[in-house]
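For clarity, every value in this text was computed on a predicted model and none was experimentally measured. Each chain gets a letter, A, B and so on, in the order its sequence line appears, and its residues count up from 1. All heavy atoms count here, side chains included; hydrogens, waters and symmetry mates do not.
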Amino acid sequence: MKLEHSNLMKYSFVLRMEKLGFDFYNRPDVLKIARELLGKILTTNFDGRITSGRIVETEAYAGIRDRASHAYGGRRTARTSIMYESGGTAYVYFCYGIHHLFNVVTDKKEIPHAVLIRALEPIDGIDIMLARTNKKILDNTITRGPGNVSKALGIVTSHTGTSLLGNEIFIAKDEFSLKKKDIVTSPRIGVDYAGEDAKLHYRFSIKDNPYVSGKRN
DNA sequence: CGACCGATCGTCT
DNA sequence: GACGATCGGTCGA
């Protein structure tokens with residue numbers, strides 16, 4: 001696939017950045033937080049290797065009442081216990097034997113809400129991302145889908161439990177903002193096992209952004 | 001395009 | 001022992 005650079009990079013500029021703090025994450029409405037995370041900048045800095053991208057797709061997982069959530073019914077295992085930490089913690093788990101999926105834990109301690117980061121538009125460290133993903137040229141698959149996001153940013157399951165208030169993995173806001181009409185909601189991907197909850201519009205994405213996963217926005 | 005399929009392994013039952 | 005909060009490739013219309 002060949003794309004014009006200008007078409008591929010719609011939101012790759014950065015204005016004044018400010019790291020999101022404890023108060024952003026420790027709020028009860030996970031749907032609101034998932035929506036607000038659109039347009040924010042996710043950065044990883046592992047040994048000075050900095051990669052970042054603007055978040056263009058998220059999914060909310062609403063704790064013990066949500067059949068699609070790993071914490072449904074209050075389920076608490078060695079893996080999912082991280083979800084019960086306070087907001088602003090990374091929950092990373094291994095999926096399908098291949099992918100490391102990155103989630104942001106939200107709400108106060110003991111309330112296991114989380115937001116899955118599903119897609120980014122790359123900003124910094126594109127050369128590093130290309131190396132990590134074994135790609136030669138930049139296209140819109142490099143950070144499209146949650147498995148690819150983690151691969152490009154170097155996030156693996158050992159990062160589960162990392163505080164997002166630190167300097168290794170964090171999310172920042174800048175002066176970028178979205179209008180309501182720029183945000184699309186839809187059912188979550190790959191949660192057919194969740195019965196009625198699979199139909200909920202808990203997925204949020206930026207309209208027409210080429211990095212959003214799935215078929216057509 | 002859409003449907004299908006194989007890869008691959010940690011986690012939980 | 002079964003099953004994924006996935007991805008990328010292939011095949012056929």
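As rounded to whole Å, 10 Å separates atom C1' of C:dA5 from atom CE of A:M83. Residue A:Y93 contributes atom OH, which lies 17 Å from atom P of C:dC3 at whole-angstrom precision. Atom CD1 in A:I82 sits about 16 Å away from atom C1' in B:dG10, given to the nearest Å. In this structure, CG of A:N103 is placed 8 Å from C1' of C:dA5, rounded to the nearest angstrom. For A:H99 and C:dT6, the NE2 to P distance is 8 Å, given to the nearest whole Å. Rounded to a whole Å, the CZ atom of A:R188 is 15 Å from the P atom of C:dG4. Remark: P of C:dC3 and OH of A:Y193 are 14 Å apart, rounded to the nearest angstrom. A:L116 places its CG atom 8 Å from the P atom of C:dT6, with the value rounded to the nearest Å.
The aromatic ring of A:Y61 is stacked on the base of C:dA5, with the two ring centres less than 5.5 Å apart and the planes inclined by under 30°.
Applying the Watson-Crick and G-U wobble criteria (two distances, each under 3.5 Å), C:dG1 pairs with B:dC12.
Using a 4.0 Å cut-off between a side-chain N of Lys or Arg and a carboxylate O of Asp or Glu, A:K40 and A:E36 do not qualify as a salt bridge.
Each of A:G97 and A:R79 has a nearest nucleotide on DNA chain B; the 5'-most of these lies closest to A:G97. Judged by closest nucleotide on DNA chain B, A:I98 is the one of A:T157 and A:I98 placed further toward the 5' end. Each of A:F94 and A:G145 has a nearest nucleotide on DNA chain C; the 5'-most of these lies closest to A:F94.
A:L101 comes within 4.0 angstrom of the backbone, heavy atoms only, and of no base. A:I189 comes within 4.0 angstrom of sugar-phosphate atoms only, judged by non-hydrogen atoms across all strands, and of no base. Nucleic acid contact class of A:N148 (heavy atoms, under 4.0 Å, all strands): sugar-phosphate only.
Side-chain N/O atoms of A:R118 include one lying less than 4.0 angstrom from OP1 or OP2 on C:dT6.
At most 12 non-hydrogen atoms from other residues, nucleotides or ligands lie less than 6.0 angstrom from CZ of A:R67.
At distances below 3.5 Å, at least one donor-acceptor pair connects side-chain atoms of A:S150 with backbone N or O atoms of A:H100. The backbone N or O of A:S52 lies less than 3.5 Å from no partner atom in the side chain of A:T43, so there is not a single donor-acceptor pair. Using modelled atom types, no side-chain atom of A:D66 and backbone atom of A:Y61 make a donor-acceptor pair closer than 3.5 Å.
Ring geometry for A:H159 against A:F46 counts as parallel: the plane angle stays under 30°, on a 0 to 90° scale with 60° as the upper cut.
Contact of the A:V30 side chain with the A:D107 side chain is not registered, since no non-hydrogen atoms from C-beta on lie closer than 4.5 Å.
For residues 64-75 of chain A, proximity to DNA chain C is found at A:A68, A:H70, defined as any non-hydrogen atom under 4.0 angstrom from a strand atom.
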